[in-house]
Amino acid sequence: KNKHEKNGRRRLTMSASVHFKCPCAVETEITRLYWCRHCVCLRCPRCVLQEVDSLYCPQCLDEHMPTSESKLNRNRCAKCHDCPVCFSALTTVINTDSDADPAKQTSHLECGFCQWSSKNSALSLPVNDLQLALKDLTKTEAADRMSKLVEAYQKRASEEHRSQESRRQTMTHALLRKGRMGGRFGFQRQGQTHNRAECASKCRTRVNKVYDAAGNQWVDATDTSALDQLQSRATSDIAALPHTLFTSPPELSQVPTIAQRHAFPEAKPQLVKDLVPVQKHLCAKRSKRCRQCQHNLIKAELNPQSIKFKMQLFALHSVPSVKVVEPPQLEVGKTSSVKLVLSNPLDQALLVLLRPSPIVSADLPANTPITPESLLPAEAAAAPAGGDGEEGKPKEEESKPTLGPVFAVSGTAEVEYPVDPVKLGENDPVHELAADDATAEAVTDANGVVVKSAGHNVYVTLPITPTKPREDVKFGFMMQYTYKSASASTFRTAETPAQDVVNEVAMTVVVQLGPPAA
């Protein structure tokens with residue numbers, strides 16, 4: 001019996017999940033969210049902008065590569081290669097059975113995982129010649145055709161952009177002349193001389209040319225003959241299949257997979273023996289910005305060998321996290337207790353207020369933002385922030401509370417929440433190491449909710465009653481708290497210390513416990 005109970009709890013723990021809702025109504029784990037300290041709200045991956053800071057090779061970890069050099073090498077490393085079979089890193093091996101003269105020693109590439117060797121592709125050459133041979137592998141007919149297509153389409157795109165810019169400037173000049181402001185901005189039309197010979201010579205020089213208003217000159221017209229020649233055309237001449245395909249069974253071990261063929265499309269290998277080493281793709285270090293205020297949320301160091309961040313505003317480091325400790329044995333119509341733990345990552349005490357979220361209905365859709373003040377009673381909305389002020393500290397800067405939007409949740413259970421705010425202690429690792437488990441205090445709320453405090457972790461036992469059979473037990477609540485942060489508009493000096501700003505936050509938390517017992 002105990003074994004079955006443990007297995008049941010393990011399955012419930014695996015199915016239990018806690019998600020936070022972003023202001024854009026996206027529901028995800030707290031580990032995938034960011035915290036914008038300027039907007040004072042959560043940000044999901046859809047609410048951030050990504051920018052590439054630097055490119056580097058993950059194998060050699062050289063200095064970050066400039067964008068021009070990476071484009072020249074097609075975003076690949078010129079020195080490192082991957083195995084064409086298992087895509088592991090290849091190492092250069094010097095052949096010991098060759099001549100003793102170092103200038104005549106040959107080398108080859110070998111995979112330490114699948115033991116593939118470049119000797120299978122007749123690539124056993126001196127070190128310098130081996131690098132040149134690997135570069136020549138990319139110079140194929142298909143690669144030349146692709147580069148010509150890319151160049152032709154880039155030329156056409158630049159010409160279309162230039163023509164659009166010309167039309168835009170022409171319309172701007174016409175509007176300025178119509179408003180009699182051309183003389184002020186230098187767009188006044190000047191008088192023209194009517195010389196027949198000069199006009200004829202200009203017309204002869206402008207044959208097959210178009211006027212570029214951006215450059216104020218005549219340029220050659222778009223030449224589409226090269227692009228027409230490179231385009232693919234349907235044909236009825238199809239090569240016949242080899243007769244061995246019908247007379248003998250195919251050897252699948254000698255046929256490369258689709259992934260192996262797509263790794264090097266220029267060569268189009270038909271057999272495993274035709275596989276060649278693949279240049280390693282470059283990796284990128286990206287910075288992430290908030291879409292609304294354009295401030296940095298994630299900023300890594302440019303050095304490829306460093307794993308440090310200049311700025312990392314993860315929600316896990318700024319927002320109290322919620323976890324399911326002991327999921328109950330759920331039965332429809334019966335009340336059980338679910339144990340949650342609230343952890344405070346900040347270095348200040350917090351007063352967290354838990355309130356039930358409204359239920360989704362026809363009048364209240366799931367993704368409709370709701371004002372948090374309408375869900376809180378008057379005495380709860382006026383509750384003080386975490387902790388009393390101490391003497392000698394700078395006074396707090398008076399600011400208007402910045403409550404974020406909350407959302408309705410399609411809950412399938414009735415849950416009782418604590419009436420009073422839950423106090424979370426500050427996150428002090430030194431104090432937690434010296435503290436003992438016996439110092440934990442258990443308090444029973446007026447609503448019958450048991451709250452146990454242990455450092456910056458608080459365990460809350462909530463009575464829950466599932467209401468819908470054959471559906472996952474799901475409930476949501478609103479978590480509101482107040483914290484202090486340094487003002488970005490003030491500078492900390494010895495004479496004028498930085499002032500603190502009081503920020504009030506409200507967010508929606510959704511807990512899913514899995515299906516109830518049949």
Side-chain angles (χ1 to χ4, degrees), residues 50-99 102-140 142-143 146-147 252-287 298 300-309:
Q50 296 189 14
E51 300 175 356
V52 177
D53 291 339
S54 62
L55 299 171
Y56 67 96
C57 176
Q59 183 175 349
C60 57
L61 292 179
D62 287 343
E63 294 294 333
H64 60 275
M65 189 178 299
T67 307
S68 58
E69 184 179 354
S70 63
K71 288 183 178 180
L72 184 63
N73 295 330
R74 301 177 303 169
N75 291 331
R76 296 174 182 264
C77 182
K79 298 181 293 183
C80 304
H81 295 80
D82 287 340
C83 175
V85 178
C86 64
F87 306 108
S88 301
L90 295 177
T91 56
T92 304
V93 180
I94 305 296
N95 298 329
T96 57
D97 56 349
S98 59
D99 196 350
K104 298 181 180 180
Q105 286 184 349
T106 60
S107 61
H108 66 277
L109 297 177
E110 187 175 350
C111 177
F113 185 76
C114 67
Q115 304 303 321
W116 181 88
S117 175
S118 62
K119 291 182 179 179
N120 303 335
S121 303
L123 292 175
S124 181
L125 303 170
V127 178
N128 297 333
D129 297 342
L130 181 61
Q131 296 294 334
L132 295 176
L134 292 174
K135 290 183 179 179
D136 293 339
L137 291 176
T138 59
K139 299 178 181 179
T140 60
M146 180 60 67
S147 62
L252 298 180
S253 60
Q254 301 299 325
V255 179
T257 62
I258 295 178
Q260 294 171 355
R261 293 185 181 184
H262 289 178
F264 200 80
E266 297 90 346
K268 298 181 180 179
Q270 300 295 331
L271 299 175
V272 174
K273 64 180 182 180
D274 299 334
L275 295 175
V276 293
V278 182
Q279 288 181 319
K280 200 169 190 65
H281 286 274
L282 299 179
C283 294
K285 284 196 172 185
R286 306 171 183 269
S287 61
I298 303 295
E301 291 188 355
L302 296 181
N303 187 9
Q305 301 181 4
S306 176
I307 60 173
K308 297 181 180 180
F309 288 85

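Here the closest heavy-atom approach between residue Asp53 and residue Leu302 is recorded as CB-CD2, 3.9 Å. Taking both residues in full, the closest heavy atoms of Cys80 and Gln59 are given as CB-OE1, 3.5 Å, listed atom of the first, atom of the second, then distance. Nearest heavy-atom pair, Pro256 versus Pro269, reported as atom, atom and distance to 0.1 Å: CG-O, 3.7 Å. Nearest heavy-atom pair, Cys86 versus Phe113, reported as atom, atom and distance to 0.1 Å: SG-CD2, 3.9 Å. Heavy-atom minimum distance, Pro277 versus Leu90: CB-CD1, 3.8 Å.
Within the model, atoms NE2 of His108 and NZ of Lys119 stand 4.5 Å from one another, a figure rounded to the nearest 0.5 Å. Going from atom CG of Leu55 over to atom NZ of Lys71 covers 10.5 Å, rounded to the nearest 0.5 Å. Atom NZ of residue Lys79 and atom NZ of residue Lys280 lie 13.5 Å apart, to the nearest 0.5 angstrom. Note: Asp82 CG to His281 NE2 = 7.5 Å, rounded to the nearest 0.5 Å. The distance from atom CD1 of Ile298 to atom OG of Ser287, rounded to the nearest 0.5 Å, is 9.5 Å. Here the CG atom belonging to Leu61 is positioned 11.0 Å from the OG atom belonging to Ser306, to the nearest 0.5 angstrom.
Side-chain contact between Gln115 and Glu110 is present, with heavy atoms from C-beta onward closer than 4.5 Å. Counting heavy atoms from C-beta on, the side chains of Thr92 and His81 never come closer than 4.5 Å. Using a 4.5 Å heavy-atom threshold, the side chains of Gln260 and Phe87 count as touching. Looking at heavy atoms from C-beta onward, Cys111 lies out of side-chain contact with Val85 at the 4.5 angstrom threshold. Contact annotation: the side chain of Pro84 approaches that of Trp116 to within less than 4.5 Å [non-hydrogen atoms, C-beta and beyond].
Without hydrogens or angle criteria, Lys285 side chain to Asn303 main chain gives a donor-acceptor distance under 3.5 Å.
In this structure, Leu271 places its CG atom where more than 12 heavy-atom neighbours from other residues, nucleotides or ligands lie under 6.0 Å away.
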